[in-house]
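Notes to accompany the following structure.
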Amino acid sequence: MRTIAIVISIFILPMLCSAEDTASLRDLATKRGMYIGAAANIRFQRDPVYAETLAREYNMLTPENDLKFHRTQPEKGQYRFDHGDAYIDFANQHDMQVRGHALIWHRSTPEWVRDATWTRDGLIDVMREHIQAVAGHYQGKLFSWDVVNEYFEEDGSMRKSVWSETIGADYMDLAHQYAREADPTAKLIVNDYGIANINKKSDALYAWVKGALQRGVPVDGVGFQMHVRADWKFGADEFARNMQRFADLGLEIHITEMDVRIEEPVTPEKLEQQANLYGNILRACLNQPSCKVFVMWGVTDRMSWVPWTFRGFNDALIFDRDFKPKPAYMQIKNTLMKDFHD
Ligand code: G3I
């Protein structure tokens with residue numbers, strides 16, 4: 001009896017399981033020439049299960065916080081690159097790409113910038129020096145940079161920040177120019193949330209990118225963050241039309257920060273709803289030739305910004321707190337496999 005069981009498990013079972021059943025997400029994504037990634041936390045350095053999952057499942061990572069302005073230049077002229085460098089080393093060891101996030105973001109402006117009084121020229125110097133130092137340090141090592149993160153308000157107006165109010169509307173043009181000079185190979189991305197639908201914000205972003213390209217400002221792509229709720233009514237057709245208008249400008253589409261938060265208590269139905277949303281948004285990306293990047297905002301429900309920000313919501317990622325794959329993981333896998341054969 002024991003011999004029969006051994007024969008079945010060693011010889012028969014492997015024949016029944018295809019290579020794709022055992023494939024990781026990155027195996028399947030690589031086959032179709034796309035990047036599947038996750039925002040990573042520096043804890044990978046001391047958590048072997050986390051590090052192993054990251055390397056096994058993804059061929060791209062985004063440092064979740066460690067390349068932000070307040071982390072890379074917390075005090076004027078004092079740069080910190082040790083954490084950022086660690087992600088690059090890890091990515092190189094595991095043949096992964098790294099998305100740079102983010103050179104300028106109103107929420108990561110350090111106090112020494114935010115609380116001082118600047119002239120326009122003085123603040124332009126701060127921005128240029130920061131971009132030259134940080135994008136320069138990582139020159140040739142990053143897949144892309146989110147240059148100015150979340151430039152727009154919901155109504156399509158320019159977001160009020162020390163950058164916009166001191167420098168004026170052209171601060172994004174300038175930031176892109178400095179980024180290209182500092183790192184000519186990183187793709188320069190305009191990244192924002194709430195732009196999946198055709199609305200005031202995505203219209204404003206579209207108008208900005210179109211104008212920027214006409215002005216000769218370097219822009220390579222648009223990043224759709226995609227922080228959504230599991231019960232969000234996703235309009236696949238509208239998203240497809242929206243992506244297409246950006247693709248028609250010659251831009252890449254990156255899904256940059258997807259997570260799907262669930263209102264507690266978590267139920268099997270809600271996990272299914274979450275899985276479907278992950279699958280449907282990935283499918284929309286797969287159907288758009290310019291969409292080759294699909295990054296989720298974290299790996300495991302053990303580490304996510306969601307419960308700190310949305311009271312009563314949680315479990316937004318595709319691995320649970322014990323790194324077990326959730327239905328959303330299987331849905332992403334099936335979507336990558338199924339469409340591959342279509
Ligand atoms: O983990 C601590 C917890 O121990 C502590 O009790 C709690 C108190 O507030 O804070 C927790 O840490 C917070 C962490 O998010 C949790 O994920 C930090 O204070 C908070 O600063 C940190 O915020 C980060 C946020 O950007 C601001 O930099 C998030 O990690 C990060 O996921 C989030 O990422 C942003 C993108 O950069 C841009 N798009 C939106 C996205 C989500 O806000």
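Whatever order the structure lists them in is the order used to number ligands and atoms, beginning at 1.
- In this structure, Trp297 and His101 have perpendicular ring planes: the angle between them is above 60°, well past the 30° mark.
- In this structure, Trp208 and His176 have tilted ring planes: the angle between them lies in the 30° to 60° band.
- Residue contacts with ligand 1, taken as heavy atom pairs separated by less than 4.0 Å, involve Trp305 via backbone and side-chain atoms alike.
- Comparing heavy-atom distances from atom 6 (O) of ligand 1 across Trp308, Trp105, Trp297 singles out Trp308 as nearest.
- Taken from CG in Leu317 to CE in Met258, the straight-line distance is 10.5 Å, to the nearest 0.5 Å.
- Checking Tyr79, Phe81, Trp145 one by one against His137, the ring pair (Phe, Tyr, Trp, His ring centres under 6.0 Å) holds for a single residue, Phe81.
- Within a 4.0 Å radius of atom 29 (C) of ligand 1, the protein has at least one heavy atom.
- Put simply, atom 9 (O) of ligand 1 has no protein non-hydrogen atoms near it, under 4.0 Å away.
- Ring pair His227/Trp305 is perpendicular by interplanar angle, where above 60° counts as perpendicular and below 30° as parallel.
- Here is the list of ligand 1 atoms found below 4.0 Å of a heavy atom in His101: 36 (C), 37 (O), 38 (C).
- When each atom of ligand 1 is checked for a heavy atom of Glu257 under 4.0 Å away, the hits are 36 (C), 38 (C), 39 (N), 40 (C), 41 (C).
- Residue contact check: Asn149 has heavy atoms under 4.0 Å from atoms 38 (C) of ligand 1.
- Distances from atom 43 (O) of ligand 1 to the protein include at least one heavy-atom value under 4.0 Å.
- Within the structure, ligand 1 lacks Met303 among the residues with a heavy atom less than 4.0 angstrom away.
- Shown here, atom 21 (O) of ligand 1 is out of close reach of the protein: none of its heavy atoms lies under 4.0 Å off.
- In this pair, Phe246 and Tyr206 present their aromatic rings perpendicular. The plane angle is above 60°, beyond the 30 to 60° band.
- Among protein heavy atoms, the minimum distance from atom 23 (O) of ligand 1 is reached at Asn65 OD1, 4.5 Å.
- Protein non-hydrogen atoms do reach within 4.0 Å of atom 39 (N) of ligand 1.
- Between Arg120 atom CZ and Glu165 atom CD the span is 14.5 Å, to the nearest 0.5 Å.
- With respect to atom 32 (O) of ligand 1, the closest heavy atom belonging to the protein is Glu64 OE2, 2.4 Å.
- Considering backbone and side-chain N/O atoms, Gln225 comes within less than 3.5 Å of an N/O atom of ligand 1.
- For the pair Arg261 and Phe310, the cation sits on the ring face: its NZ or CZ lies under 6.0 Å from the ring centre, inside 45° of the axis.
- For atom 18 (C) of ligand 1, the protein comes within 4.0 Å by no heavy atom at all.
- Atom 27 (C) of ligand 1 has its closest protein heavy atom at Arg107 NH2, 3.6 Å.
- For Thr309, no heavy-atom contact with ligand 1 is shorter than 4.0 Å.
- Remark: ligand 1 atoms within the under-4.0 Å shell around heavy atoms of Glu150 are 38 (C), 39 (N), 40 (C).
- Residues Thr53 and Thr300 fail the side-chain proximity criterion, which asks for heavy atoms closer than 4.5 Å.
- Both Ile36 and Leu277 belong to a single network of hydrophobic side chains, linked directly or stepwise wherever heavy atoms of I, L, V, M, F, W or Y lie under 4.5 Å apart.
- By the 4.5 Å heavy-atom criterion applied to side chains, Gln274 and Lys326 are counted as neighbours.
- For atom 33 (C) of ligand 1, the nearest protein heavy atom (residue, atom name, distance) is Lys68 NZ, 3.6 Å.
- Under a hydrophobic clustering in which Ile, Leu, Val, Met, Phe, Trp and Tyr are joined whenever their side-chain heavy atoms come within less than 4.5 Å, directly or via other members, Ile262 and Val260 fall into different clusters.
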